[in-house]
Amino acid sequence: MDFKLKGKKAFISGSTSGIGLETARILLNEGMTVYVNGRSEKTVKKAVEYLKNEIKGSDVKGIVADFLKQAQVKNLLNSLKDVDILINNVGVYSSTSFFNTPKKTWYDQFQVNVMSGVILTKHFLEGMIARNWGRVIFISSECVYLAPTDLISYSSTKAALHSLSRGIAQLSKGSNVTSNVVVPGSTLSDGAKNYLEIKSKLENVTKNQVEKNFFKDERKTSLTQRFASTSEVAATIAYLCSHHSSSSNGSVVRVDGGSSLGTF
Ligand SMILES: NC(=O)c1ccc[n+]([C@@H]2O[C@H](COP(=O)([O-])OP(=O)(O)OC[C@H]3O[C@@H](n4cnc5c(N)ncnc54)[C@H](OP(=O)(O)O)[C@@H]3O)[C@@H](O)[C@H]2O)c1
């Protein structure tokens, strides 16, 4: 399937690993220019080298910017004036009880998970509308629906993205710009791999068993009862970037293995 993305430009926040990195790989393979982002020179350089090696001759660039640091965000906005595709992927969480979650954690998670998307979209959206083509994609989480009690702050930030995306879709009315949400379920990114590794050593069981237990105890509602691969999630993001998704605007697409209960 030709995604017709050749020559287009994308920025993916928080993309030195996991879902963002895999999305960058797919979009570069389509002949796009892709800007990857992370907090340090080291991780950004490593991601750029990895992608250049994976897709020879690809046009990949790195931008270091920590969304908790205003001056770095300002530099990012100054260095990148327009893109055709904005993927608001960066997302941080901490597993803590509601009663023990400090105010700073709430503010930081809203700053990184929500405000990064607000600031970036505000910066790029007008250009997309003026050129009459663009894609804004927000990466949410199954936690919006599950709201695990140890992830209430994270789940709240992700829920905010749904209204943000819908509002932006309304601003795009009558144009070929779209704004959509992708809802991943538990996905085998580096964090999940570490979790399996550590738990398997601690409990002296195989990683397969740890995964089975996780879904039996922590993600009972999952229908697939396994982690999704980053490429399963990234393929859906890439589809929403493509021309083939042109009639989806203001929508929410789940890639959660069926964990978010309900028919609607
Ligand atoms: N993995 C899952 O199971 C899962 C499930 C549902 C939803 N999601 C969502 O999917 C998205 C991607 O998750 P992932 O698991 O693939 O991510 P990940 O592998 O944990 O990668 C996190 C990325 O975010 C960057 N980052 C972290 N804090 C940042 C900050 N303050 N400023 C700029 N960049 C920052 C990291 O870059 P550096 O380390 O280089 O700074 C890294 O590139 C997130 O929004 C997450 O909430 C993930």
Side-chain angles (χ1 to χ4, degrees), residues 13-20 37-40 42-43 65-73 88-120 138-165 181-205 207 209-222 225-228 230 233 252 254-262:
S13 64
S15 46
T16 60
S17 66
I19 294 167
N37 157 252
R39 287 162 296 184
S40 75
K42 193 176 163 202
T43 52
D66 182 335
F67 286 98
L68 283 175
K69 300 193 173 144
Q70 261 188 11
Q72 293 187 13
V73 175
N88 292 305
N89 171 70
V90 68
V92 291
Y93 71 93
S94 56
S95 168
T96 43
S97 108
F98 175 72
F99 298 104
N100 293 333
T101 307
K103 230 193 306 181
K104 185 173 182 329
T105 303
W106 278 88
Y107 284 129
D108 285 356
Q109 288 185 9
F110 266 90
Q111 188 68 30
V112 174
N113 300 3
V114 183
M115 288 313 295
S116 65
V118 172
I119 292 164
L120 290 167
F138 291 89
I139 309 306
S140 173
S141 167
E142 63 184 351
C143 288
V144 165
Y145 306 96
L146 304 178
T149 53
D150 63 327
L151 293 168
I152 295 177
S153 54
Y154 172 73
S155 308
S156 306
T157 65
K158 292 299 186 180
L161 297 182
H162 289 230
S163 297
L164 180 57
S165 177
V181 173
V182 171
V183 182
S186 300
T187 305
L188 204 52
S189 55
D190 291 352
K193 281 182 194 159
N194 283 344
Y195 166 83
L196 293 178
E197 190 84 48
I198 291 167
K199 262 222 143 180
S200 105
K201 278 187 187 145
L202 267 177
E203 295 175 1
N204 200 22
V205 291
K207 285 189 259 181
Q209 194 56 49
V210 177
E211 181 173 1
K212 274 193 181 136
N213 293 345
F214 173 79
F215 283 94
K216 185 165 66 68
D217 301 331
E218 313 274 338
R219 290 294 180 273
K220 293 184 177 75
T221 55
S222 162
Q225 288 288 296
R226 64 167 175 83
F227 284 96
T230 53
V233 179
V252 174
R254 296 179 185 184
V255 199
D256 61 357
S259 71
S260 319
L261 283 178

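Quantities reported herein were computed from a predicted structural model and do not represent experimental measurements. Computed from heavy atoms alone, side chains included, the values below leave out hydrogens, waters and symmetry copies.
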Might you point out which heavy atoms bring [X] and [Y] nearest each other, and give the distance in Å?
X      : Y      : answer
Leu120 : Ser13  : CD1-CB, 4.1 Å
Thr43  : Arg39  : OG1-N, 4.4 Å
Val233 : Ala228 : CG2-CB, 4.3 Å
Ser186 : Phe215 : CB-CZ, 4.0 Å
Val112 : Val90  : O-CG1, 3.5 Å

With sequence neighbours excluded, residues passing side-chain contact (heavy atoms from CB on, under 4.5 Å) with [X]:
X      : value
Glu218 : Phe214
Lys220 : none
Lys207 : Leu196, Glu197, Ser200
Ser140 : Val144, Lys158, His162, Val181, Val183

Check side-chain hydrogen bond (donor to acceptor under 3.5 Å, both in side chains) between [X] and all other residues, then give those that pass, not counting sequence neighbours.
X      : value
Thr105 : none
Ser156 : none
Asp190 : none
Thr101 : Thr96

Would you say [atom1] of [X] has more than 12 non-hydrogen atoms from neighbouring residues, nucleotides or ligands within 6.0 angstrom?
X      : atom1 : answer
Gln70  : CD    : no
Tyr145 : OH    : yes
Asp217 : CG    : yes

Quick one, [X] and [Y] - any side-chain contact, counting heavy atoms below 4.5 Å?
X      : Y      : value
Phe138 : Val114 : no
Pro148 : Ser155 : yes
Phe67  : Met115 : no
Leu161 : Leu164 : yes
Thr230 : Leu188 : no

I'd like to know whether Tyr195 forms a side-chain contact (heavy atoms from CB on, under 4.5 Å) with Val210, so could you lay out the CA-CA distance, the side-chain angles of the two residues, the decisive distance to 0.1 Å, and finally the verdict.
CA-CA 9 Å; Tyr195 166 83; Val210 177; 4.1 Å; yes
Arg219: what forms a salt bridge (charged side-chain N to carboxylate O under 4.0 Å, His left out) with it, not counting sequence neighbours?
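So Arg219 forms a salt bridge (charged side-chain N to carboxylate O under 4.0 Å, His left out) with Glu142.
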Qualifying residues under salt bridge (charged side-chain N to carboxylate O under 4.0 Å, His left out), relative to Lys212, sequence neighbours excluded:
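For Lys212, no residue satisfies salt bridge (charged side-chain N to carboxylate O under 4.0 Å, His left out) once neighbours in sequence are set aside.
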Pair listing, salt bridge (Lys or Arg N to Asp or Glu O under 4.0 Å) test, anchored in residues 99-113, at least two apart:
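Of all non-adjacent pairs touching residues 99-113, those that pass salt bridge (Lys or Arg N to Asp or Glu O under 4.0 Å) are Lys104-Asp108.
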Please list all pairs passing the salt bridge (Lys or Arg N to Asp or Glu O under 4.0 Å) test where one or both residues lie in residues 144-157, with sequence neighbours left out.
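Output for this query is empty, none listed.
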